[in-house]
Amino acid sequence: QVQLVESGGGLVQTGGSLRLSCAASGSILSINAMGWYRQAPGKQRELVATITRGSRTNYADSVKGRFTITRDNAKNTVYLQMNSLKPEDTGVYYCAADGVDVSGTYMRYWGKGTLVTVSS
């Protein structure tokens, strides 16, 4: 099995910063793209940012210029630095990783999520 464990969520005031981390472990052979998604109350899960193994990045328009996604391939870890946070950034942030496990199965793995709350 492959596990993704997120950390770094919490409560912050508008304009503040948080850094999320997500570490993948378990029966992993390789990981390709990793990313962050979020789900606000009453809304569908949406893409926040993704990063390829070669560090090519993609961001939702709503976070461009404020959020930065990075990864450490040696540690199978992805980070999300969030600056200038707004109340509309509030939600549960989920880590995702596209990879192959030891059985040869290629699939998208998900973390359980970490809550980010931005107060106005």
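Quick caveat, the model's predicted, so the values are computed rather than measured.
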In the structure I gave you, are the side-chain heavy atoms of [X] and [Y] within less than 4.5 Å of one another anywhere?
X	Y	value
Cys95	Val78	yes
Val116	Leu18	yes
Tyr109	Gln3	no

Over all atoms of both residues, closest heavy-atom pair of [X] and [Y]:
X	Y	answer
Ser103	Asp101	OG-OD1, 2.6 Å
Leu4	Ala24	CD2-CB, 3.2 Å
Leu20	Gly9	CD2-N, 3.6 Å

Given 3.5 Å as the limit, does a donor-acceptor pair link the side chain of [X] with the main chain of [Y], or not?
X	Y	result
Thr14	Ser119	yes
Asp61	Lys64	no
Arg38	Val48	no
Arg66	Ser84	yes

Decide yes or no on side chain to side chain contact (heavy atoms under 4.5 Å, CB included) for Asn32 and Thr52, but give the supporting numbers first. CA-CA 6 Å; Asn32 294 331; Thr52 67; over 6 Å; no
Answer yes if the side chains of Ser17 and Asn83 hold a donor-acceptor pair under 3.5 Å, and no otherwise.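 Side-chain D/A pair, Ser17 to Asn83: present.
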Does either side chain, that of Asn73 or that of Arg71, offer a donor lying less than 3.5 Å from an acceptor on the other one?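 Yes, a side-chain donor-acceptor pair sits under 3.5 Å.
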Can you measure from [atom1] ([X]) to [atom2] ([Y]) and round to the nearest 0.5 angstrom?
X	Y	atom1	atom2	result
Leu85	Thr117	CG	OG1	11.0 Å
Ile51	Thr70	CD1	OG1	6.0 Å
Lys75	Ser25	NZ	OG	14.5 Å
Thr50	Ile69	OG1	CD1	6.5 Å
Leu47	Asn58	CG	CG	6.0 Å
Leu11	Leu115	CG	CG	9.0 Å

Under a 4.5 Å side-chain heavy-atom rule over Ile, Leu, Val, Met, Phe, Trp and Tyr, are [X] and [Y] clustered together?
X	Y	value
Tyr37	Met34	no
Val92	Val118	no
Trp110	Val5	no
Val12	Met82	yes
Val102	Val100	yes

Is it true that Lys112 and Glu6 make a salt bridge, defined as a side-chain N closer than 4.0 Å to a carboxylate O?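 Salt bridge absent between Lys112 and Glu6.
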Would you mind checking if Lys86 and Asp89 are paired as a salt bridge, meaning a charged N to carboxylate O distance below 4.0 Å?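 Salt bridge between Asp89 and Lys86, a charged N being under 4.0 Å from a carboxylate O: no.
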Show which residues join Tyr79 in its hydrophobic cluster (side-chain heavy-atom contacts under 4.5 Å, direct or indirect), or state none.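 Direct or chained contacts put Tyr79 with none.
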Pi-cation contact, Tyr94 with Arg45 (under 6.0 Å, within 45°):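 Yes, a cation-pi geometry.
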